[in-house]
Amino acid sequence: MHALIAEQGSIFLKTLGTDQDTIKVDLPLLIDCTFCAATGMIAYGAVIGKATPTQLMWIMVALVPAFALNQYIVIEQFHILDMGGSNVIHLFGCYYGLAVSFVLSRQRFAHGLEHPKSSSSYLNDVFSMVGTLFLWIFWPSFNGALASVSSAATTGLAVGGHAAAEQFLCVVNTVISLSGACVSTFMTSVLVGGRMNPVHIQNATLAGGVAMGAACTLPMTPAGAMVVGLAAGGLSTLGFEYLTPALNNTIGLRDTCGIHNLHGEEVDWSGQLEM
């Protein structure tokens, strides 16, 4: 229901400020609206288990116009390259959700990591791992959904004597970056915890896709894309191990699903890469 609220609201807001008399529903618009819903799902990761269904609905109602405004500023005003939505989707959804979580959880110690329900089980881990597999498989198409398939929209890279389309670059760069994130996640998880932690595997293995979002259309070598993924996976794993408990204990920031480690840190790294 909340995803439908986001999609319907985004469709309406996309026509504001234009000279259109009717709403033209096409594939790019529907993809954009789905991105808005994805932003809400990211934000929910910080407040899940702490907000009522009514609160979740109002969180989404407030998110939709804020998402549209942020997207307009980032894309239309600043002309920032953000094909995979690192800034518009991941960064905005992350800090919007963390801000709401901070407000809801102020001085409520029961919302902290010490709560007995703030843990997982074998069955939950298995189902979460299935979700991770689906996300890993479909992340390249997520980053390249709005990219051009025409070789005319290219940054000059030639593949087999032909200009490489934006969508080709998105898919290749994202797959390689995701692969690098998997390698570094497993290694870092064992190094910091002595064993492979399911939470790290379920989340940090996707960090390469997030980090490559803004830069996925840039022509780079396979080694460059691999380095991006290796760094993103390692940073995300360290965030789950050290940063989330530190924020919880110092400023009382309760991040239920650790969205800052997957959707916040990696965008900072991605921005440095894009520059």
Side-chain angles (χ1 to χ4, degrees), residues 2-21 23-47 56-103 139 142-148 153 155 166-167 169-170 174 207 209-218 228 232 253 255 259-275:
H2 298 148
L4 291 175
I5 292 174
E7 293 194 7
Q8 297 294 332
S10 183
I11 289 175
F12 172 73
L13 289 172
K14 283 290 181 181
T15 62
L16 293 180
T18 67
D19 55 359
Q20 299 181 29
D21 295 327
I23 298 176
K24 181 182 178 182
V25 179
D26 53 14
L27 188 57
L29 176 63
L30 292 177
I31 292 174
D32 236 352
C33 295
T34 305
F35 285 171
C36 179
T39 305
M41 300 304 106
I42 293 170
Y44 280 2
V47 299
L56 291 175
M57 183 187 70
W58 285 113
I59 289 171
M60 184 63 80
V61 169
L63 178 140
V64 174
F67 171 85
L69 176 62
N70 179 65
Q71 186 181 50
Y72 173 76
I73 294 173
V74 170
I75 304 300
E76 302 296 334
Q77 296 297 313
F78 292 158
H79 303 288
I80 295 176
L81 179 64
D82 194 24
M83 182 61 69
S86 287
N87 299 285
V88 172
I89 301 172
H90 299 285
L91 193 66
F92 174 76
C94 172
Y95 289 108
Y96 179 90
L98 290 176
V100 174
S101 177
F102 185 74
V103 172
W139 211 290
F142 180 90
N143 278 355
L146 292 175
S148 173
T155 51
E166 283 184 342
Q167 199 167 79
L169 294 174
C170 285
T174 304
V210 178
M212 189 54 71
C216 58
T217 55
L218 297 178
V228 173
L253 181 59
D255 185 1
I259 62 172
H260 184 259
N261 307 313
L262 178 58
H263 302 279
E265 293 177 5
E266 277 58 50
V267 178
D268 296 333
W269 164 236
S270 177
Q272 297 297 322
L273 170 70
E274 189 178 359
M275 289 176 14

Approximate separation, where rounding is to 0.5 Å, of Glu76 CD and Gln71 CD: 8.0 Å
Please report the shortest heavy-atom distance between Glu265 and Asn261, naming the atom on each side. OE2-OD1, 3.4 Å
Considering all heavy atoms of both residues, which atom of Leu56 and which atom of Tyr44 are nearest to each other, and what is their separation? O-OH, 2.8 Å
Any side-chain heavy-atom pair from Val210 and Trp139 closer than 4.5 angstrom? yes
Heavy-atom closest contact (Ile42 atom, Cys94 atom, distance): CG2-N, 3.8 Å
Keeping Ser101 on the side-chain end and Ala46 on the backbone end, is there a donor-acceptor pair under 3.5 Å? yes
Could you tell me whether the side chain of Ile89 reaches within less than 4.5 Å of the side chain of Phe142, counting heavy atoms only? yes
Within the 4.5 Å heavy-atom criterion, are His263 and Leu91 side-chain neighbours or not? no
Side chain proximity check, Leu63 to Met60, heavy atoms < 4.5 angstrom: yes
Checking Asp32, Ile80, Ile75 against Val88 for side chain to side chain contact (heavy atoms under 4.5 Å, CB included), the one that qualifies is Ile75
Non-hydrogen atoms of Thr39 and Gly93 that approach each other most closely: CG2-CA, 3.5 Å
Can you check whether Tyr96 reaches Ile59 side chain to side chain, under 4.5 Å on heavy atoms? yes
With a 4.5 Å cut-off on side-chain heavy atoms, are Ile73 and Phe78 touching? yes
Separation between NE2 (His90) and CG (Asp82), nearest 0.5 Å, reads 8.5 Å
Ring centroid separation Phe67 to Phe35 under 6.0 Å: no
State which residues pass ring-ring contact (aromatic ring centres under 6.0 Å, His included) with Tyr95; sequence neighbours excluded, sorted by chain then number. His260
Which heavy atom of Cys36 sits nearest a heavy atom of Val64, and at what distance? SG-CG2, 4.1 Å
Between Cys216 and Thr174, what is the shortest heavy-atom contact and its length? CB-OG1, 4.1 Å
How far apart are the C-alpha atoms of Leu146 and Met83, what are their side-chain angles, what is the distance that settles it, and do they pass the side chain to side chain contact (heavy atoms under 4.5 Å, CB included) test? CA-CA 7 Å; Leu146 292 175; Met83 182 61 69; 4.2 Å; yes
Without swapping roles, check the side chain of Glu166 against the backbone of Thr217 for a donor-acceptor pair under 3.5 Å. no
